[in-house]
Amino acid sequence: MHNQFRKNLEDIKTAGIRAKDVVAQLLSFSRKTRVHKKTVDLNQIIQETRGLLRATIPSQVDIQCQLSEEPLFILADTSHIQQVILNLSTNAFHAMEKTGGHLTIGSSKKIIRKHQASAVGEPVPGNYVQLTVSDTGKGIPDHIRKKIFEPYFTTKKAGKGSGMGLAMVHGTINSHGGTIQFSSDNRVGTVFKILLPEAETVDSGFSERDFIEPPAESDRLKDRSAVTILFVDDEPMLCDIGQRLIETLG
């Protein structure tokens, strides 16, 4: 039972943080807001953003996540990093809108050594977290590659883009002490690679001694053959909550 209480509290916390970040993101478009950085797991941000992308990007574009098996902590404003992923992914979708394709969002650790920093213009040597957003679309034409981060520059039709998406991405990454690079090929698509300084790990705030031993299973849960319930939702957290609510009713 203590594990159920823990999961309920974690879901409540996650939902509250999401609501706060959405409000902060809306405010950032209406007026300037301060950047509130904290230590967060990039993998968690990617997983949460994938749900938003799947709800808005048509099914002809396959969305895949290739994430590091271990948490990747960065010092960042969650809503700003989420907006970076959304902007890059939306651009990727537009490049595959007619043909379909694959959108891949990845994360990994990367160590920048002194000779690498001086050779390829990377940030100062140290430990970094790499965010990768790639697509199999038509690529970026050679003649506009130097302009893609310029404010108000866009190749999209009226109503499809303001020209601020990549400019905002570039500004956000700079404000977080990171760098952004890209490569593009008309035959294989485009890859954006973002490096952000790795942060120290954080404690979740929970420990096993904070919870009591679970009680014995209730008699009303023993007969589970009478009814089959199918609970469907594209948000995993809501499925988990629905399952637990149904189970508490026997």
Can you tell if the side chain of Ile105 reaches within under 4.5 Å of the side chain of Leu131, non-hydrogen atoms only? yes
Any side-chain heavy atom of Val124 within less than 4.5 Å of one from Ile112? no
When you compare the side chain of His176 with that of Ile81, does any pair of heavy atoms fall below 4.5 Å? yes
Residues clustering with Val232 (ILVMFWY side chains joined when closer than 4.5 Å, directly or via others): Leu230
Looking at Ser68, is its backbone amide N or carbonyl O close enough to the side chain of Ser107 to form a donor-acceptor pair, meaning the two atoms are under 3.5 Å apart? yes
Which other residues end up in the same hydrophobic cluster as Ile241, if Ile, Leu, Val, Met, Phe, Trp and Tyr are linked when side-chain heavy atoms come under 4.5 Å apart? Met237, Leu245
Hey, does Lys7 have a side-chain heavy atom less than 4.5 Å from the side chain of Asp11? yes
Are Leu42 and Leu75 in one and the same hydrophobic cluster, where Ile, Leu, Val, Met, Phe, Trp and Tyr link if side-chain heavy atoms are under 4.5 Å apart? no
Kindly say whether His102 contributes a backbone atom to a donor-acceptor pair with the side chain of Thr136 at under 3.5 angstrom? yes
Would you say Asn127 and Lys109 make side-chain contact, with heavy atoms under 4.5 Å? no
Going by heavy atoms in the side chains, are Tyr128 and Pro197 under 4.5 Å from each other? yes
Scan side-chain atoms only and decide if Asn87 and Gln83 contain a donor-acceptor pair under the 3.5 Å cut-off. yes
Excluding sequence neighbours, so at least two apart, what forms side-chain contact (heavy atoms from CB on, under 4.5 Å) with Thr132? Gln130, Val191, Lys193
